[in-house]
Amino acid sequence: MKRSRWYPIRVAPSYQRMAAVDERLPESRRMESIIERNCRKDGFDIFMPSFYTELRPHRTKQILQKWFPFLVGYAFVNLPRLNFEELRRVDGAVCFLRGANYGPLEFPDGTIEALYFAEHERRQAFLYEQHCRKENERHEQIQHLRGQLRKILPKGRKARVSMVDQAERAIDSLSPQIKERVQKITSELNSLTADAEVENLRKAV
């Protein structure tokens, strides 16, 4: 069995946004991003840590469930066959990040597992927050109905967020140990992306 070999890639702007709904895809792929869909369509295994949050626009006041990437601008691809050139042709994949040996930087399975765990932990936190919100709304509705009854009965009568900001908020909600690990990974990725070197990274072997 071929071992996993995970490499971080820079993702083109807007390609981390959700792809259009495609009813032909299995349920597990209905909420994927554009870069994830493009990679999977071409047979590549990709992992882009992500999370859900709820937003309430000022104008509509309607609660919307939004999806954001944890690491804005980055994703990880598994290339056990080291087929870098094929991946470079995927629409939305800008370049690989260069490691100390001037080749594509490879991340160990432990790092990817830590990001999977962070994603899972944030998902559980989101579900808990969602549950608490619904319970608060239910309580407020009960209080509202009781207030209406007091008015009726004589005896009772009485008186678009940036991706970076959202990712930082989600990371801050993690447990200290996981938060530190994710921040370290983010710092390492950012330190490897110098604007002057982006074109050189395309040529990494």
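Just so you know, residue 1 is the first one in the sequence shown, and it goes up from there.
- Listed by first then second residue, pairs satisfying side chain to side chain donor-acceptor pair (under 3.5 Å) with a partner in residues 107-120 read Ser50-Glu119, not counting sequence neighbours.
- When all heavy atoms are compared, the tightest approach of Val11 to Val94 is C-CG2, 3.8 Å.
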Evaluate side chain to side chain contact (heavy atoms under 4.5 Å, CB included) for Phe107 paired with Leu115, printing each intermediate quantity in order. CA-CA 11 Å; Phe107 271 57; Leu115 291 172; 6.0 Å; no

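- Aromatic ring pairs are classed by plane angle as parallel below 30°, tilted from 30° to 60° and perpendicular above 60°; the pair Tyr52 and Phe126 is tilted.
- Around atom CD of Gln124, more than 12 heavy atoms belonging to other residues, nucleotides or ligands sit under 6.0 Å away.
- Closest approach of Ser4 to Glu106, counting heavy atoms only: O-OE2, 4.4 Å.
- At a threshold of 4.5 Å between non-hydrogen side-chain atoms, the residues Ile34 and Ser14 do not count as touching.
- In this structure, Glu54 and Glu129 have side chains that are not in contact, with every pair of non-hydrogen atoms separated by 4.5 Å or more.
- Scanning both residues, Tyr15 and Gly92, for their nearest heavy atoms gives CD2-CA, 3.4 Å.
- The structure places CZ of Phe84 at 12.0 Å from CD1 of Ile9, a figure rounded to the nearest 0.5 Å.
- Atom CD of Gln62 is surrounded by 12 or fewer heavy atoms from other residues, nucleotides or ligands within 6.0 Å.
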Determine whether Ile171 and Phe70 satisfy the following criterion, side chain to side chain contact (heavy atoms under 4.5 Å, CB included), listing intermediate values before the conclusion. CA-CA 7 Å; Ile171 291 172; Phe70 254 125; 3.6 Å; yes

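- With hydrogens and angles ignored, the 3.5 Å screen pairs no side-chain donor or acceptor of Glu32 with any backbone N or O of Asn38.
- When atom types are taken as modelled, the side chain of Glu36 and the backbone of Ile46 share no donor-acceptor pair closer than 3.5 angstrom.
- We find the CG-CD distance between Leu71 and Gln16 to be 8.0 Å, quoted to the nearest 0.5 Å.
- Under the 4.0 Å criterion applied to side-chain N and carboxylate O atoms, Arg133 and Glu140 are not assigned as salt-bridge partners.
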Let me see the working for Glu137 and Lys134 under salt bridge (Lys or Arg N to Asp or Glu O under 4.0 Å), right down to the final yes or no. CA-CA 5 Å; Glu137 289 178 348; Lys134 290 179 179 179; over 6 Å; no

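- Atoms CE and CG, from Met31 and Leu25 in turn, are 13.0 Å apart once rounded to the nearest 0.5 Å.
- To the nearest 0.5 angstrom, Ser173 atom OG is 12.0 Å from Ile178 atom CD1.
- Between the CG atom in Leu82 and the OH atom in Tyr7 there is a gap of 4.5 Å [rounded to 0.5 Å].
- One distance of note links CZ of Phe47 with CD1 of Ile112; it measures 6.5 Å at 0.5 Å rounding.
- A cation-pi contact, defined as under 6.0 Å to the ring centre and within 45° of the axis, links Arg10 to Tyr74.
- Checking side-chain atoms of Arg29 against main-chain N and O of Asp22 turns up no donor-acceptor pair under 3.5 Å.
- Between Ile35 and Ala93 the shortest heavy-atom distance is CD1-N, 3.7 Å.
- The backbone N or O of Ser175 sits less than 3.5 Å from a side-chain atom of Glu121, completing a donor-acceptor pair.
- Here the side chains of Leu174 and Phe51 are not in contact, with every heavy-atom distance at 4.5 Å or above.
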